[in-house]
There are 2 protein chains.
Amino acid sequence: MPRRSSVVVDTSASPHARLRPIALTGVQLADTFWRPRIDINSTVTLPSQHAHCEETERIANFRRAAGREDGDFVGLFFNDSDVYKWLEAVGWNDALGDDAQLHAMRDQVVADIVAAQDGDGYLNAYFSKERIAERWTNMDLHEMYCAGHFIQAAIAVHRTSGNEAVLTAACRLADHIDATFGPAEQGKRETSDGHPEIELALVELYRTTRQERYLRLAEFLVGVRGAHKVGTNPFGRFDAAYHQDHVPYRELDEVVGHAVRMVYLAAGATDLWLETGDQSLKRAIDAQWHNMTHKRMYVSGGLGSRWNGEDFGGDYELPNDTAYTETCAAIASVMWNWRLLQGTGEARYADLMEWTLYNAVMPGLSLSGNEYFYQNPLSNAGTHRRAPWFGCACCPPNVARLLAQLGGYVASVDADTLWIHTYIAGHIDAQGSGLPAAVQVETEYPWEGRIRITVTRGGQYGIKVRIPSWASGASVTVAGVRQTAAVDSYVTVRRAWQRGDVIDIDLPMSPRILMANPAVTPNVGRGAVARGPILYCVEQVDQTYPVHTLALRPETVWQVLPGAGVLGEHRVIEGAGVHHDLPQGALYAPWRRDYATPCRLRLVPYHLWANRDAGAMQVWLPLQV
Amino acid sequence: MPRRSSVVVDTSASPHARLRPIALTGVQLADTFWRPRIDINSTVTLPSQHAHCEETERIANFRRAAGREDGDFVGLFFNDSDVYKWLEAVGWNDALGDDAQLHAMRDQVVADIVAAQDGDGYLNAYFSKERIAERWTNMDLHEMYCAGHFIQAAIAVHRTSGNEAVLTAACRLADHIDATFGPAEQGKRETSDGHPEIELALVELYRTTRQERYLRLAEFLVGVRGAHKVGTNPFGRFDAAYHQDHVPYRELDEVVGHAVRMVYLAAGATDLWLETGDQSLKRAIDAQWHNMTHKRMYVSGGLGSRWNGEDFGGDYELPNDTAYTETCAAIASVMWNWRLLQGTGEARYADLMEWTLYNAVMPGLSLSGNEYFYQNPLSNAGTHRRAPWFGCACCPPNVARLLAQLGGYVASVDADTLWIHTYIAGHIDAQGSGLPAAVQVETEYPWEGRIRITVTRGGQYGIKVRIPSWASGASVTVAGVRQTAAVDSYVTVRRAWQRGDVIDIDLPMSPRILMANPAVTPNVGRGAVARGPILYCVEQVDQTYPVHTLALRPETVWQVLPGAGVLGEHRVIEGAGVHHDLPQGALYAPWRRDYATPCRLRLVPYHLWANRDAGAMQVWLPLQV
């Protein structure tokens, strides 16, 4: 099948987007960090997830709903969505290379899904047969959420394979919803949905089909919120803030309630703003982003503090051991920040997106590619381990689709400039996006700070390279001339490029110790180590003393070393630390300086923890100043 | 009524007690710390508690059980015990001075209780009328617990007033229990009780009556434990360890389960050991005490980490904000340590007893004497405030009885020596205990470390004075001769005393910073300030910056100042500390030394917190070393 020029979030024609995307096929990744992960995604993750979806009868549910197989629906009422996310992942993965096995799986799954669709466009395997009468009776039963994921999957499969049938099915489902929900004066049901996600899917469907009704439906679904109209969640008694239905979205100035719902909603609203330019939306989005990044985000970029309700929690409520920080919430944050970046061209969104990818999304996946974290605590006694699958399996296929999409998040263009957001060795060709720019990227980033960008297609255009927020002292050199390079911004180089011209970037990679705002009370007097875009932690398997007895010294000169064993190419950090103890097993004793004794610490990237022997892990260590 | 020579725990004739008690009437307290508290206990606490017991129908319940008043039992099934503890408090308080109002209340309450006793000796207002058939059907419904408190109240009232009727009622109740419970081969019910407390009451009843059967019954009740036989607790589903019925007591080498039950049980077992010398009991007691003091005790001396089950929690499980540390558990610890001290003469028990009194019991009572803490967290956002009464009101009358007993805990004797355990200005006369020693104590302890002990009755005897565990560098001087004074031990001075001879003690009172074992993870890198026997904390009302932003500097030279306002005579501590902040409200930022700026800290005694404006409080502060 011919490779199509597939873009993940197609803001190419969005009137209020400052940047335009580059198709997955325009970016070839050839690095040692992401490329192996993406290959494992194709060869291990996606086939094994298909097997889990079959074993747990998630795919059979569609066949049963279609009457093609005997038996009743099995599992959670929103299990369809896991199949959709897997299908979306396979769709994007197709842009990276043909895989006959995955194609066969994909085509069979598409056939099973499409067959389960009703004549009126409704599609949901749970609400079939004896539950047909329950359709749309409780807006917290994730019917729109599942629909949104189907629409996204259909768009991905359509963009990479050209399959029209699946896109038609998605349109029929969207049309069914559009006929059912909308302003009361149109004789439709004017109510909010319990689990936002469909909003961004509908905007993307509008971008794909140019059918205005999908954009209007997304606008309705964002605008209708705040009326306390969602039904009862089957998992617990939650208030309207849980599903962001307590105030109108345009008046919501914080991130609240269920973290994944909140951030999907914000991403959908951002998509809406990219199309409409509605400033009342943008003001709310900005307030939410500010609240999140200044008061409700873990140092990893992880989101969601509370197990109860998978909830954001209050300002500065960021406990380490009981952090929820669902992998899906981090993925939603990447999606949201990407849309904000495309809208504004502001480096801070790329910065948080990159940080979140390395430190909040990637902990969710084992190096082996077939075990997952749902929750990502920042300290643990050693009991938290990745699992091959979950009853509520939202995270595994979400990681898979993000990895398959990754190439699309590396760079963008505007009318005359190539914007490079993050540094991954490989090749970027923006020709398909209307800019004749093409560059080769050579680097060992995120492990090393030297990046060489070599022009592979000459021409008169600009190249913007991003200086991360942490890279103070960065240098950008073009033809021996050093450019001004302010942190958390893009350095622009505009000239008539010749093939072979070079931009050299050097980002300082000294390990640094982060502090938290003291309002985050568990972290007062503590520090967390980061190097470049990577957050580190201590893991028991590397330490002589128990993890909880260790402390950092700010003046330590760290050594950066290659990892051993499964840590392979990844860099670890070693240096002098402190080990605390009291004599004779005392529970309390008067302070003495010599109860802190020197020891050697080894820190490993936080996202790699729990890939070796089980043991305690901690991100924040006391600072022995 | 003639004042009787009343002792609180009458180990005068206990064959395995190293020390003998001094009656309450032998100790006159005239200090500025305890005397005002004891006076308020008489004039405010006890009358107001009587009013609460009447208003909540706790006393009416007895009248109703006796058929003297219409109506059914009101309140929790163990509410009788609150009246008993109040009555015990009034009993001991009688040794301090006559109070016609309290006498009238006492006599009426005794009459109401005695009238409610059945012909077979059974007494419990809840299990009357339609619930008579439920008696002894569920051993977790606190019938023995209530009986134990009645026995203790009866002994107190009998010792101070000579009332024989109340003691007879207690014996009849004990006889009823003795007839019902015991070895199966005697045709009795061989089962454990759910809430230990009766064991120590029965031993004291044995000491009062010399009836061996009460000692045997106590021995049975301690020995029968471990058979998982207790019924279902009405407040939750708990395992057998909750009520210490999971292993035989003699094999229990840790403090587990419901903290108050555990420590009452240990105190009762210690009483049994004082009478029997049973070394298998003592070995278990020692192991439990070691586990408690080395792994399961807050720095305040408070006990019990978990709200769920009012439970000790596991080793080093000592969270600050969610600490349970019930006031009753601290009181139980004082009772247990007193018995161990009487048995061994080892200073460490007096040390912990004194520390627990000042720092874990006294936080339970407001300065006004009519508001109480049930839980005593070591940090709080300012929401935890004392209440005038509780539905489950075990703590208020427990504090009242301890304050009334306090004089009995100051000193002991052996055959030829007066042992002074703690320093409270006043007069101690051991004549009633068979030693012709008498001394005046002059001191501002616990606020100052200088103590002068002046002999007021000459003779050939020894005087032992205790050097606390924290008092390294203490001096003891007799007639200008300095004695050897090791910490956590007694210094003995033996001579032919003349009236007017003086012992001068000087205990160093520099504030010190305590560390916790790093296994107590929330306290790693933190310190708590103590001075003498007093633990300090920071309270928001005294600080310029939010409490959670503050840190200690170990090198600070502290100033000790008199308190202001309601803190009155109490000493506060001031000195240089550190205030943490990040610029521009950042949530995270690279560490810089100057994000910690100097500030002045004021620390107040922990037991006095929440007597002023509501605000955050913290015992453990980060150490900015």
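In what follows, every heavy atom counts, from backbone to side chain, and hydrogens, waters and symmetry copies are set aside. Protein chains get the first letters and strands the later ones, always in sequence-line order, with residue 1 at the start of each.
Heavy-atom neighbours of chain A within the stretch residues 286-294 of chain B, taken at a separation under 4.5 angstrom, comprise B:Met292, B:Thr293, B:His294. Within residues 541-549 of chain B, the residues having any heavy atom less than 4.5 Å from a heavy atom of chain A are, in residue-number order, B:His548, B:Thr549.
Partners of B:Thr556 under the side-chain hydrogen bond (donor to acceptor under 3.5 Å, both in side chains) rule, at least two apart in sequence or in another chain, do not exist in this structure.
Contacts of B:Ala519 with chain A are made by both backbone and side-chain atoms, with heavy-atom separations under 4.5 Å. Proximity to chain B (any heavy atom under 4.5 Å) is restricted, for A:Pro622, to the side chain, taken from C-beta onward. Only the side chain of B:Leu318 comes within contact range of chain A, with at least one heavy atom under 4.5 Å from a heavy atom of that chain.
For the set B:Ala586, B:Ser469, B:Ala551, the count of heavy-atom pairs under 4.5 angstrom toward chain A peaks at B:Ala586. Ranked by heavy-atom pairs shorter than 4.5 Å toward chain A, the options B:Arg512, B:Arg592, B:His580, B:His579 are led by B:His580. Between chain B and the options A:Gly525, A:Ala589, A:Pro522, A:Pro590, the largest number of non-hydrogen pairs under 4.5 Å is found for A:Ala589.
Considering all non-hydrogen atoms of both residues, A:Met297 and B:Tyr588 come closest at O-OH, 2.5 Å.
The only option from B:Val299, B:Val520, B:Asp315, B:Leu514 that meets the side-chain contact (heavy atoms from CB on, under 4.5 Å) definition with A:Leu587 turns out to be B:Val520.
Here side chain to side chain donor-acceptor pair (under 3.5 Å) pairs that include residues 515-531 of chain B, with residues two or more places apart or in two chains, are B:Asn320-B:Asn523, B:Glu448-B:Arg531.
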